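Within every chain, numbering begins at 1; the chains are lettered A, B, ... in the order of the sequence lines, protein sequences first and strands thereafter. Everything numeric here is computed off the predicted structure, so don't read it as measured data.
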There are 2 protein chains.
Amino acid sequence: MTSTVAKSKKKIIMEAAARLFRDKGYSASSMRDLAKAVNLKASSLYNHIQSKEALLQEICFNNAHRFLQGMNEVEKMEASHLEKIKALIRLHIEIAATDITSITAFNDEWRHLKDPHLTRFLRLRKSYEQRFLVLIKIGIEKGEIKDMDPQLILFTLFSSVRWLYDWHRKDRETELSSLEKQITELLLGGIKA
Amino acid sequence: MTSTVAKSKKKIIMEAAARLFRDKGYSASSMRDLAKAVNLKASSLYNHIQSKEALLQEICFNNAHRFLQGMNEVEKMEASHLEKIKALIRLHIEIAATDITSITAFNDEWRHLKDPHLTRFLRLRKSYEQRFLVLIKIGIEKGEIKDMDPQLILFTLFSSVRWLYDWHRKDRETELSSLEKQITELLLGGIKA
DNA sequence: CCTACCGATCGGTAGG
DNA sequence: CCTACCGATCGGTAGG
């Protein structure tokens, strides 16, 4: 019982931290802000967490692993490379839509990680990008995708989806499936051969 | 002479501030960091600038006005609405390419403005978005652009170009004209009817 | 342009 | 889980 209470309290703190980091940024968010958000004194937070940076680490690495997990599944698919890229666009949209606060912190605040973890994080990120790039390159070779700079395609796909966190806050009505369909259509119309 | 020296020193400070805000974020950048970057003591900065927030204000409003100025010119063009939207994409790329540090601070750090200025800034931004939106809507009515959610098109165009600041740092060789051509092709292939 | 310094706030610890 | 408190650092001012 003590353990389940402690566990859920940590989750409450994690979620409040993600929201705070998203809204004010990591540096401008104080542990006193966070404590207030979960009805504790600042010092009491440290019964549940190690440090401010540990909160950021958990957010960053949790999300990095979600993307890499998605990549694992996509690579195993029996499908054309265009289909695989569509599946990755869907992955980005779905992650952004289901955990909007966490993913925003992940996108924008990772640079505040300190160096053993920063390097580790950038390695994961680089690996994801490389694997994505391979799919694009093969897609181009097979004539499924227009012959453009693969890096340019990659970064455009990535960032095309990053405004979603803004959107979702003001318009919770738009259905996810409609969002997915329209964004995919917009992007694929552009890169499909 | 005193005046020209003071003026150029202020510009040096402004540029160092933009770089700092881009690299570490506004909140994590201290006035002591900034002073070190321009070979002064922190207190001496205040002979050239009013406050830390005033630096951010200048970055944010300067860039906001560049975008609005560009919009003025585009609206006056004698061209189809598709051409106008192409011109705006070019505008975004050119601003991003010619003043990469300032535009990044503008994109990401405006939320740290305090309230009289924050509201003013958001009003400018909203106005730019509305005018862009009108061009998209008319383009759709005229059958020049696919019939998709105009907001979705707007935000996708905006963010598609935001990764440029990363790109330019690692690959200063890619020519601007080639970048423009490829991004426009990628985006327009998707929205052109 | 500097030295000296201000009050406020930071992340975090001690001790219970 | 709290009170009390730490040293460090913050943006900025006084005074020269």
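Atom NZ of Lys24(B) is separated from atom P of dT9(D) by 12 Å (rounded to the nearest Å). Summarising the geometry, the separation between CG on Leu20(B) and P on dC10(D) is reported as 11 Å, rounded to the nearest angstrom. If you take CG of Asn39(A) and C1' of dC1(D), they are 13 Å apart, rounded to a whole angstrom. In this structure, Asp33(B) places its CG atom 11 Å from P of dT9(D), rounding to the nearest Å. Rounded to whole Å, atom P of dC10(D) lies 13 Å from atom CG of Leu45(B).
A donor-acceptor contact shorter than 3.5 Å is absent between the side chain of Ser160(B) and the backbone of Thr156(A).
Under the 3.5 Å distance criterion, with hydrogens and angles disregarded, no donor-acceptor pair is assigned to the side chains of His81(B) and Glu144(B).
Residue pairs meeting the salt bridge (Lys or Arg N to Asp or Glu O under 4.0 Å) criterion with at least one member in residues 28-43 of chain A, sequence neighbours excluded, are Lys24(A)-Asp33(A). Residues in residues 111-120 of chain A take part in these salt bridge (Lys or Arg N to Asp or Glu O under 4.0 Å) pairs, two or more places apart or across chains: Arg111(A)-Glu109(B). For the salt bridge (Lys or Arg N to Asp or Glu O under 4.0 Å) condition, the pairs that include at least one residue of residues 94-106 of chain B, sequence neighbours left out, are Arg66(B)-Asp99(B).
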Pairing string, 5' to 3', for DNA chain C - Watson-Crick or wobble contacts under 3.5 Å, brackets [ ] where pairs cross, | to another strand: ||||||||||||||||
Asn62(B) and Ser102(B): CA distance, side-chain angles, deciding distance, side chain to side chain donor-acceptor pair (under 3.5 Å) verdict: CA-CA 9 Å; Asn62(B) 278 350; Ser102(B) 172; over 6 Å; no
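As judged by a 4.0 angstrom heavy-atom cut-off over every strand, Leu40(A) is placed among residues touching the sugar-phosphate backbone only.
In summary, the aromatic rings of Phe67(B) and His92(B) are positioned with their centroids under 6.0 Å apart.
Residues passing the salt bridge (Lys or Arg N to Asp or Glu O under 4.0 Å) test with Glu53(A): none are found, sequence neighbours excluded.
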Sequence-aligned protein contact record of nucleotides 11-16 of chain D, with B where the base is within under 4.0 Å of a protein heavy atom and S where only the sugar-phosphate is: BBB---
